[in-house]
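Written below as structure tokens is the structure these notes are about.
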Protein chains: 2
Amino acid sequence: MAKKKVSADAPACEITCLHEDVLKRVGHGLTDPEVLRWVAALFKVMGDPSRLKIVNALILSEMCVCDLAALLKMTPSAVSHQLQILRQSDLVKWRRDGKIIYYSLDDEHVSNIFYQGLVHVNEKHHP
Amino acid sequence: MAKKKVSADAPACEITCLHEDVLKRVGHGLTDPEVLRWVAALFKVMGDPSRLKIVNALILSEMCVCDLAALLKMTPSAVSHQLQILRQSDLVKWRRDGKIIYYSLDDEHVSNIFYQGLVHVNEKHHP
DNA sequence: TGAACATCTGAACAACTGTTCATATATTAG
DNA sequence: CTAATATATGAACAGTTGTTCAGATGTTCA
């Protein structure tokens with residue numbers, strides 16, 4: 001994302017093909033813009049292959065940074081950076097046991113969303 | 001995403017805190033990497049606020065580019081660019097009626113995923 | 001045909017992203 | 001205390017992203 005603002009608060013352009021009835025009806029059913037930004041942020045976090053690999057692994061078991069790094073063939077630093085993003089989005093939680101920090105999924109919504117995406121892809125890319 | 005390759009195909013570093021048993025078990029349960037990339041791509045497409053607004057609108061009704069542009073306060077060009085991405089990902093389908101092209105969601109998985117995300121956010125950001 | 005409209009497309013640009021590297025912090029063992 | 005290990009963090013860089021602008025298609029109608 002780059003520039004975001006249109007010149008003003010007016011409609012984006014002079015459009016003539018509007019279906020006024022549809023706009024009226026749909027306009028009231030739209031999700032609150034701020035909530036929608038949160039949802040988009042959630043999908044964005046899950047939209048990176050490295051992070052989704054981490055989510056995939058944590059669905060199966062809690063794991064420490066080193067385990068994830070070895071399993072996913074990433075550097076511990078890269079894993080840690082991505083875990084920070086997952087942490088900030090409340091997708092994962094963690095517990096400390098001595099030197100080792102164990103990460104796990106924060107709730108079952110995350111795995112639900114993951115599996116919904118999986119189902120979609122499987123049905124789209126299979127005969 | 002930028003650089004992606006580690007120096008070689010070897011493990012990313014010499015890690016000593018591995019939980020071998022966990023890695024063995026989890027390693028076999030991981031989703032196929034290529035499938036996982038598709039899933040990540042799906043979430044990535046839904047992870048942009050503008051595109052998610054479009055999805056949100058199309059859940060409620062099929063619409064033409066001009067309607068979307070007016071409803072979402074975007075330029076028709078920007079809408080068209082995003083619709084192309086949604087089209088390439090098979091999230092939307094379209095039909096032509098004269099000059100006007102009507103877009104709609106391609107299947108119910110998309111709205112399922114959208115609502116799952118919505119539920120997650122509502123439960124996370126509410127008392 | 002030619003004007004008007006709806007949509008698409010390519011180039012360009014600033015903002016953003018994920019990784020690497022070097023370094024810092026935290027915890028334990030000796 | 002120090003050494004060793006596990007994780008976190010900041011800067012830097014190349015690759016990517018979404019928007020805008022200008023112009024190109026495609027469709028209808030007089």
Side-chain angles (χ1 to χ4, degrees), chain A residues 1-8 11-19 37 40-41 43-54 62-70 72-89 92 94-103, chain B residues 1-8 11-19 37 40-41 43-54 62-70 72-89 92 94-103:
Chain A
M1 69 208 66
K3 328 241 192 75
K4 28 182 18 184
K5 278 280 53 170
V6 186
S7 54
C13 64
E14 304 78 19
I15 298 172
T16 57
C17 81
L18 297 180
H19 301 75
R37 277 200 300 275
F43 288 138
K44 185 174 189 175
V45 167
M46 298 187 68
D48 174 72
S50 299
R51 283 192 296 264
L52 201 62
K53 279 185 211 163
I54 293 176
E62 74 169 5
M63 258 181 277
C64 70
V65 176
C66 287
D67 287 339
L68 287 167
L72 307 177
K73 309 265 191 291
M74 298 171 65
T75 64
S77 178
V79 171
S80 183
H81 274 297
Q82 300 301 352
L83 281 172
Q84 187 185 16
I85 294 172
L86 290 167
R87 236 185 301 131
Q88 286 170 350
S89 311
V92 303
W94 52 276
R95 67 180 180 88
R96 170 158 238 147
D97 183 11
K99 277 182 288 194
I100 300 178
I101 296 180
Y102 292 95
Y103 283 89
Chain B
M1 68 208 66
K3 329 237 191 77
K4 30 184 15 185
K5 278 280 53 170
V6 185
S7 53
C13 63
E14 303 78 19
I15 298 173
T16 57
C17 81
L18 297 178
H19 302 75
R37 277 200 300 275
F43 288 137
K44 185 173 189 175
V45 167
M46 298 187 67
D48 174 72
S50 299
R51 282 191 297 265
L52 202 61
K53 279 185 211 163
I54 294 176
E62 75 170 4
M63 258 181 276
C64 70
V65 176
C66 288
D67 288 339
L68 287 167
L72 307 178
K73 310 263 191 293
M74 298 171 63
T75 65
S77 178
V79 171
S80 183
H81 274 296
Q82 300 302 353
L83 281 171
Q84 187 185 16
I85 293 172
L86 290 167
R87 237 185 299 131
Q88 285 169 350
S89 311
V92 302
W94 52 276
R95 67 181 179 87
R96 171 158 237 148
D97 182 11
K99 278 182 288 192
I100 302 179
I101 298 180
Y102 292 95
Y103 284 88

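Throughout, protein chains are lettered first and strands after them, A, B, ... in sequence-line order, and every chain is numbered starting at 1. For clarity, every value in this text was computed on a predicted model and none was experimentally measured.
A search for side chain to side chain donor-acceptor pair (under 3.5 Å) contacts involving B:Arg37 returns nothing, not counting sequence neighbours. With sequence neighbours excluded, the residues forming a ring-ring contact (aromatic ring centres under 6.0 Å, His included) with B:His19 are A:Tyr102, listed by chain and number. Scored by the salt bridge (Lys or Arg N to Asp or Glu O under 4.0 Å) test, B:Arg96 finds no partners at all (sequence neighbours excluded). Applying the side-chain contact (heavy atoms from CB on, under 4.5 Å) criterion to B:Ser80, with sequence neighbours excluded, gives no partner residue. Taking the side-chain contact (heavy atoms from CB on, under 4.5 Å) definition, one finds that B:Ala78 meets it with B:Met74, B:Thr75, sequence neighbours left out.
The phosphate of C:dC8 has OP1 or OP2 within less than 4.0 Å of a side-chain N or O from B:Arg87. Between A:Gln82 and the phosphate of C:dT19, there is a side-chain N or O to OP1/OP2 separation shorter than 4.0 Å. Of the side-chain N and O atoms in B:Gln84, one or more sit less than 4.0 angstrom from OP1 or OP2 of C:dT9. When the side-chain nitrogen and oxygen atoms of A:Arg51 are compared with OP1 and OP2 of C:dT17, none of them lie within a distance under 4.0 Å. Regarding contacts with the backbone of D:dA8, a side-chain N or O of A:Tyr103 is found under 4.0 angstrom from either OP1 or OP2.
Counting to the nearest Å, the C1' atom of C:dT17 and the CD atom of A:Gln88 are 14 Å from each other. For the pair A:Ile100 CD1 and D:dA4 P, the computed distance is 18 Å after rounding to whole Å. The distance between atom CE of A:Met46 and atom C1' of C:dG18, rounded to the nearest whole Å, is 18 Å. Atoms NZ (A:Lys73) and P (C:dG18) sit 22 Å apart, rounded to a whole Å. The interatomic distance linking B:Met74 (CE) with C:dA6 (C1') rounds to 16 Å, in whole Å. Between A:Arg95 atom CZ and D:dA6 atom P there is a gap of 16 Å when expressed in whole angstrom units. Atom CD1 of A:Ile101 is separated from atom P of D:dT5 by 17 Å (rounded to the nearest Å). The separation between B:Lys44 atom NZ and D:dT16 atom P is 9 Å, rounded to whole Å.
The two residues B:Leu52 and B:Met46 come nearest to each other via the heavy atoms CD1-O, 3.4 Å.
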Which protein N or O atoms sit under 3.5 Å from an N or O of nucleotides 21-25 of chain D?
unit_1, atom_1, unit_2, atom_2, d
D:dC21, N4, B:Ser77, OG, 2.9

Could you list all N or O pairs between the protein and nucleotides 1-3 of chain C that sit under 3.5 Å apart?
none

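Residues B:Ile54 and B:Val92 are not in side-chain contact: their nearest non-hydrogen atoms beyond the backbone lie 4.5 Å or more apart. No side-chain heavy atom of B:Leu72 sits less than 4.5 Å from a side-chain heavy atom of B:Val79. No side-chain heavy atom of A:Val65 sits under 4.5 Å from any side-chain heavy atom of A:Ile101.
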*Do nucleotides 24-30 of chain C as a string where each nucleotide becomes B, S or -: B if the base has a protein heavy atom under 4.0 Å, S if just the sugar-phosphate does, - if no protein is that close.*
--SBS--

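Interatomic distance, NE2 of B:His81 versus CG of B:Leu86, reported as 13.5 Å (0.5 Å rounding).
The nucleotide whose nearest atom lies closest to any side-chain atom of A:Ala78 is, among C:dT19, C:dT9, D:dA8, C:dT19. Minimum atom distance to the side chain of A:Asp48 is reached by C:dG18, of the listed C:dG18, C:dC8, D:dT9.
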*A:Leu83 and A:Leu68: CA distance, side-chain angles, deciding distance, side-chain contact (heavy atoms from CB on, under 4.5 Å) verdict*: CA-CA 10 Å; A:Leu83 281 172; A:Leu68 287 167; 4.1 Å; yes

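A parallel orientation is assigned to the rings of A:Phe43 and B:Phe43, their planes being inclined by less than 30° (bins at 30° and 60°).
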